[in-house]
Amino acid sequence: RAEMAKVEQAVQVEQTPRSHAERTLQSIAQRRDRMEQERESLADPDTSELDLKTEELAEQQERLIALQDKLGAAQGELPQLEARRRELLEEVQAAVKDVADVRARRAALEQLQERVQSGGKVGEWLRRHGLESRTPLWKRLEVDAGWEDAVEAVLRERLNAVSLEDPAALAALVDDKPAGKLTLLLSGAAEAPAGGLLGRIRCHEPALAGVLADWLHGIDCVDSMEAALQRRASLAPGQLLVTREGHLLSRHSLTLFAPDSAEHGLLERQREIEALAAALDDKQLAVETAQARLAEVEERIAAGQSDSQNLRRRTQEQQDRIHTLQMEVMRQNQILERIRERHAQIEQAAAELAAEEEVEQERLFIADEAIAQQRENLDALHARFAGVRARLEEADRALREEREALANVEREHREAQFSLREAEGKLAEVANNRVMSQRQLQRIADDLAQCRQTRENLQVEILEPKLQEALEQRVLREQALA
């Protein structure tokens with residue numbers, strides 16, 4: 001029984017790792033099922049959308065580079081245009097200043113001429129007779145440059161002469177004499193001879209040809225006093241030479257020119273006014289041209305700034321678009337990477353589960369082998385135990401028979417006591433036999449106790465000889481009692 005208990009305990013001990021292995025295998029199977037379900041739920045990553053987004057990102061980056069190149073070119077051109085604009089602005093300002101200076105100079109000269117023309121008592125006389133709007137002679141003449149003083153020296157106050165178309169009004173004018181010298185030009189055309197001082201004067205009004213011819217007849221021009229003096233001896237009576245400085249030389253006299261305070265500079269100022277008018281037109285044209293160039297440059301600058309602003313806006317929009325695409329591509333890459341990592345983790349976990357399952361299967365196999373071996377041992381012990389039990393039952397049966405025999409002996413002994421009187425002769429022998437029987441009974445009791453002890457210890461091999469010996473002794477005692 002102790003060996004059987006040990007074997008059963010060993011079976012239980014081996015059953016524990018087997019149960020653990022079975023639970024572990026069941027857990028592995030459940031984990032494998034979950035991983036398979038997760039693997040099936042993880043669809044194969046579709047990279048088509050990511051490829052499209054990547055291609056679109058590359059295209060957008062190329063567009064951004066093109067926009068940045070255009071923006072760089074536009075911004076690079078702006079400083080040149082700004083420098084050109086500053087140059088043209090300075091040019092315009094200088095031209096405008098020149099125009100203003102010319103206009104100021106012309107206005108100052110015109111004001112001076114106007115004051116000379118309308119100033120003083122003669123001007124009041126002209127206004128009184130309605131002649132203030134008549135153009136004076138000096139305004140109607142064009143004198144070669146450098147000969148203004150010569151013409152002034154000859155004509156003097158006659159430079160302020162005005163035309164009078166109605167000769168009938170002469171009487172009234174003569175009655176109301178002006179406070180200063182004044183010459184009135186009467187109508188009448190005549191052909192003026194060329195040459196002399198008259199050749200230095202140009203007039204486009206035929207009505208003035210006669211009066212100029214009268215005033216300048218016999219007056220010739222020389223460039224210098226030396227030249228005049230060389231010609232003095234050849235001068236005819238009434239003929240004069242005039243120099244550039246306005247000096248008058250006749251054959252017998254020399255009149256040095258001194259400018260009159262009122263009329264001096266009229267012709268020169270008039271020529272300067274006309275020159276300033278022409279220069280003003282040129283300068284105004286230069287201003288307009290410079291302003292046109294400036295406007296063109298400013299338009300180009302405005303267009304460049306507008307283009308730059310649009311390009312910056314488009315560049316920023318393109319950068320925002322690229323950033324959005326980059327974030328989307330990054331997000332999809334991260335999703336794909338997580339799917340791939342999870343697939344790899346599942347594969348690794350499946351491999352680990354396979355290895356763990358193999359280990360647990362090995363443990364289960366070992367446990368099954370050990371349990372089978374222990375069960376074989378237990379079966380062998382059961383077989384042995386069955387044999388021992390059979391022998392023990394046989395010994396019990398023999399013991400019962402001995403007890404029955406003992407009971408019979410005691411009954412017979414009592415019967416012998418009743419028949420003591422009948423068997424006095426055999427009393428001693430019976431007493432001896434009784435003592436012997438008691439000894440045998442004691443021995444049998446000892447043997448029975450020993451058999452019981454033996455039965456408990458399952459020492460069947462020792463019990464059988466003793467039982468055999470007890471049976472033999474019983475037989476002997478029965479024979480002796482008989």
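Every heavy atom of this structure was used, including side-chain atoms; hydrogens, water molecules and symmetry mates were not.
Residues that satisfy the side chain to side chain contact (heavy atoms under 4.5 Å, CB included) test with A279, not counting sequence neighbours, are absent from this structure. Scored by the side chain to side chain donor-acceptor pair (under 3.5 Å) test, D214 finds no partners at all (sequence neighbours excluded). Remark: E56 engages K53, Q60, L325 in a side chain to side chain contact (heavy atoms under 4.5 Å, CB included) (not counting sequence neighbours). Evaluation of the salt bridge (Lys or Arg N to Asp or Glu O under 4.0 Å) rule for E87 yields R84 as partners, not counting sequence neighbours. Residues passing the side chain to side chain contact (heavy atoms under 4.5 Å, CB included) test with A153, sequence neighbours excluded: F257. Applying the salt bridge (Lys or Arg N to Asp or Glu O under 4.0 Å) rule to K70 yields no partners; only residues at least two apart in sequence or on another chain are considered. For R85, the side chain to side chain donor-acceptor pair (under 3.5 Å) test picks out E82, with sequence neighbours left out. Residues that satisfy the side chain to side chain donor-acceptor pair (under 3.5 Å) test with S308, not counting sequence neighbours, are absent from this structure. Applying the side chain to side chain contact (heavy atoms under 4.5 Å, CB included) rule to S27 yields the partners R31; only residues at least two apart in sequence or on another chain are considered.
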Table please: side-chain donor-acceptor pairs of residues 61-69 below 3.5 Å, with sequence neighbours left out.
none

Which donor-acceptor pairs under 3.5 Å do the side chains of residues 283-301 make with protein atoms, sequence neighbours left out?
residue : atom : partner : partner atom : Å
Q284    : OE1  : R103    : NH2          : 3.1
T289    : OG1  : L285    : O            : 2.7
R293    : NH2  : E91     : OE1          : 3.4
R293    : NH2  : E91     : OE2          : 2.5
R300    : NH2  : E77     : OE2          : 3.1

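Closest heavy-atom contact between S163 and R134: O-NH1, 2.8 Å.
Using a cut-off of 4.0 Å between Lys/Arg side-chain N and Asp/Glu carboxylate O, K97 and D101 are scored as salt-bridged.
Residue pairs satisfying the salt bridge (Lys or Arg N to Asp or Glu O under 4.0 Å) criterion with at least one member in residues 225-247, sequence neighbours excluded, are listed as follows: D220-R231, D223-R244.
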